Amino acid sequence: MRSSGIVDYAVIVVNYGDPALVEANLGEDIDADDGAHVVLVDNFSSAQSRDVARALCRARGWTFVPSENLGFGAGVNRGVAAARALGHDALITLNPDAVASAEVLRSLASHLHDSPSSLVSPAMDSGDGRPHFRGAQVHRRTGQMRSSWSPHDDDPEWANWLSGACLGFSATAFDVLGGFSEEFFLYWEDVDISRRAVEHGLRLDLREDLRIVHDEGGTQQSSDARAKSSTYYYYNVRNRLLFGRRHARGGDWARWVLATPGQSSLIWRRGGRRQVLTQPGGLLAAVRGAIAGSAQLLRRPQPSPPAPLPVGVAAAPGAEEEEALRVTVAIPSFRRPEQLSQLLAALPARLAETTAASVDVLVVDNSPEGSARATVEEAPLPVRYAHETTPGISAARNRALDESRDSHLLAFLDDDEIPLPGWLSSLLETWRVHRSTAVAGRVISVFTEGTDPWLIASGTFRRAQRSTGSRLATAAAGNLLLDLVQVRRLGLRFESSLGLSGGEDTMFTREMVERGGTIVWCNESAAEDHVVPKRLTRDWANQRAFSAANGWVNVSLRLEPRRTRRLAARGRFLLGGSARMAVGLTRRQYGRTLGRLHHDARGTRMFHRGRGMLAGARGHLYQEYARD
């Protein structure tokens, strides 16, 4: 709360499509509230809608955050990052189809200032005045939903959750939780964050004295008065299984799976039985959701990650900071002199941003003829050169580890990337706060004009973003900072047998976590990957889907310590690969029949990922980077 007594808060609105609902539902009283600020995250739907959303923000004085359509949770995480950059600590999500007064939002913000270790929601009514939300609960063993609330959240059968349509949380609580899960895309992410909050010792507060209006039909209602949209059915059915895989254990997980047909039917019947005639697509969407969710049967349950340190709270300094911090920027390179030259030209400005460390640059040339030497000699800054003749990216990365033995930290960049402002300084700041074994940053794919829309729709080049401080189970090495003291203590090296197949960074970072290391995300650190034309083809994208899945399966099998568990894992991958191939072919045909590019592209990619999984389960390791 500001010293003047004005309550300070940010309203995070995630928009998709025409922002007319947002414009109508966010009243001028919010704009007039001196403590309030609106952050509109526009999940891309069309260039026209984006232009309208941008103009609306400009006219109303809001912050505009453009984003890919990565779902609600991802949109909230991006909006929170923007709000916190503006200094806001009380954060409130508000759906485009919800209407809340500044007085209610201010009361929620005051609640968060007084109780930062809580999540809070108001009561909600529908547009005709009927009760819409007075708290909600999920059955702990089946996933069934009901409108109810337990004041102490101690019901042995039913667990409380708060609605993301209007959900308040402090920056501190957000950091403890690592933000919203981006895996759900739409629906159940609020159930997930509610239950994770309880697991981390936070409180769920329902303010029944505060009321807003939530007309859910504004975003996901179909043309039928009662029926829901196909999107609603697909993600509710799918995400029930995803939630169960995350939160149910042992016998509860078995009961959760067995309840799937009945619970899926209940979800579909929320739209009434008549919809089988008026909107048969809804039933098809529910079936597709059940098929997609069934992939969760093949995943081992993962424990909730430990809470990250809140941003701004540093861990105890290590002995390594008694002297000046030494950092090596390592660039493995193979026959890309032009791209390497562009990268080296961009580095002086990035290093100038890093004043609290001594930084040197290392290029590890993995080409037999030493093709990068001339580029290094012409670089606009001092660069160390190492010629590693053992073929494969693993050999190049291990050479970087060896050449950096006198450094505290090692930052990897690929030779086809361009680091953006704040790239290294943000990595270092996140490491100082969390003292993790590794810090992973973003890699943003940049395409040439005229790129096949099918490639974009396939998701081949899409990389997930998270809130800074989120814990990861694995990471790619394209933009990765390593604490070399911890890496050596854990005995980590890049697996040489994966040098020509790829996946060496996946195995390295997964082993890191299994041995007790930690990886955190830094959303402020970014590098651009300018995709070369030869990769902008459907054949390359399909082969990439195959090789990525194949590499993941091979790494997973290598990490299984016992033969019996490896056999069980092979079985899971055989089933999972077969299921993905079947679902992918069905989705591709559906997309082609109805002319829906998104389904065609995603279905094709899923099919080839299934092929890769089957090949990996049978023991085949695809050599994506094999040399003549």
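Because the structure is a prediction, the values reported are computed rather than measured.
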Discussion item. Between R515 and E511, is the salt bridge (Lys or Arg N to Asp or Glu O under 4.0 Å) condition met? List the steps.
Written reply: CA-CA 6 Å; R515 296 181 188 185; E511 281 190 309; 3.3 Å; yes
Worksheet item: At their closest point, which heavy atom of S467 faces which heavy atom of G178, and how far apart are they?
Response: OG-O, 3.1 Å
Worksheet item: Can you find a pair of side-chain heavy atoms, one from L409 and one from L325, that are under 4.5 Å apart?
Response: yes
Worksheet item: Quick one: does R405's side chain get under 4.5 Å of L484's, heavy atoms only?
Response: no
Discussion item. Using a 6.0 Å distance limit plus a 45 degree cone around the ring axis, check whether R435 lies over the aromatic ring of W431.
Written reply: yes
Worksheet item: With a 3.5 Å cut-off and no angle check, do the side chains of T474 and T509 form a donor-acceptor pair?
Response: yes
Worksheet item: Can you find a heavy atom in the side chain of L167 that is under 4.5 Å from one in the side chain of I193?
Response: yes
Fill in: Parallel, tilted or perpendicular: rings of F546 and H620 (30°, 60°)
tilted
Worksheet item: Less than 4.0 Å between a side-chain N and a carboxylate O, is that true for R397 and D414?
Response: yes
Worksheet item: So, does R611 use its side chain to make a donor-acceptor pair with the main chain of F607 at under 3.5 Å?
Response: no
Worksheet item: Any side-chain donor paired with an acceptor under 3.5 Å for N366 and S333?
Response: no
Discussion item. Any donor-acceptor pair under 3.5 Å linking the side-chain atoms of S181 with those of R246?
Written reply: yes
Discussion item. Donor-acceptor pair, distance only, cut-off 3.5 Å: does the side chain of S341 make one with the backbone of P337?
Written reply: no
Discussion item. Is a donor from one side chain sitting under 3.5 angstrom from an acceptor on the other, for E403 and T328?
Written reply: no
Item to complete: Indicate yes or no: does R384 engage D360 in a salt bridge with an N to O separation below 4.0 Å.
Response: yes
Worksheet item: Within the distance-only criterion (no hydrogens, no angle test), does the side chain of N77 pair as donor or acceptor with the backbone N or O of F180 below 3.5 angstrom?
Response: yes
Worksheet item: So, E417 versus H530: side-chain donor-acceptor pair below 3.5 Å or not?
Response: no
Worksheet item: Does a side-chain heavy-atom distance below 4.5 Å link L241 with R245?
Response: no
Item to complete: State whether R335 and D365 are salt-bridged, where the test is any N-O pair (Lys NZ or Arg NE/NH1/NH2 against Asp/Glu carboxylate O) under 4.0 Å.
Response: no
Worksheet item: Would R602 and S458 count as having a side-chain donor-acceptor pair, cut-off 3.5 Å?
Response: no
Discussion item. Tell me whether N43 contacts the main-chain N or O of G71 through its side chain, where contact means a donor paired with an acceptor under 3.5 Å.
Written reply: yes
Worksheet item: Do Q339 and D415 come close enough that some side-chain heavy atom pair is under 4.5 Å?
Response: no
Worksheet entry | Contact check, side chains of I444 and F461, non-hydrogen atoms, under 4.5 Å | no
Discussion item. Side chains of D539 and T537: any donor to acceptor distance under 3.5 Å?
Written reply: no
Fill in: Check: R196 side chain, L177 main-chain N or O, donor-acceptor pair, under 3.5 Å
yes
Worksheet item: Checking R510 side chain against A473 main chain: does a donor-acceptor pair fall under 3.5 Å?
Response: no
Worksheet item: Could you walk me through whether D483 and R488 pass the salt bridge (Lys or Arg N to Asp or Glu O under 4.0 Å) check?
Response: CA-CA 9 Å; D483 182 324; R488 294 173 188 128; over 6 Å; no
Practice prompt. May I ask you to test the L351-L381 pair for a side-chain heavy-atom distance under 4.5 Å?
Written response: yes
Worksheet item: Can any side-chain N or O of H434 pair as donor or acceptor with the backbone N or O of T430 at less than 3.5 Å?
Response: no
Worksheet item: Are R493 and F508 in a cation-pi setup, meaning NZ or CZ lies under 6.0 angstrom from the ring centre and within 45 degrees of the ring axis?
Response: no
Worksheet item: When you check the side-chain N and O atoms of S497 and R558, is any donor under 3.5 Å from an acceptor?
Response: yes
Fill in: E353 and R350 ion-paired at < 4.0 Å
yes
Discussion item. Under a 3.5 Å distance rule, please check whether R373 uses its side chain to pair with a backbone N or O of H387 as donor and acceptor.
Written reply: no
Worksheet item: Just wondering, do R605 and N542 contact through their side chains at under 4.5 Å, heavy atoms?
Response: no
Worksheet item: With a cut-off of 6.0 Å (strictly less than), are more than 12 heavy atoms of other residues, nucleotides or ligands near CD of E369?
Response: yes
Worksheet item: Any salt bridge between R566 and E560, counting N to O under 4.0 Å?
Response: no
Item to complete: Determine yes or no for a side-chain-to-main-chain donor-acceptor pair under 3.5 angstrom, with S525 supplying the side chain and W423 the backbone.
Response: yes
Worksheet item: Do you see a donor-acceptor pair shorter than 3.5 Å between the side chains of T437 and Q486?
Response: yes
Item to complete: Can you see which heavy atom on A569 is nearest to which on L557, and at what distance?
Response: CB-CD2, 3.8 Å
Worksheet item: So, does D505 use its side chain to make a donor-acceptor pair with the main chain of A476 at under 3.5 Å?
Response: no
Discussion item. Taking the cut-offs as 6.0 angstrom to the six-membered ring centre and 45 degrees off its axis, would you call R442 and W521 a cation-pi pair?
Written reply: no
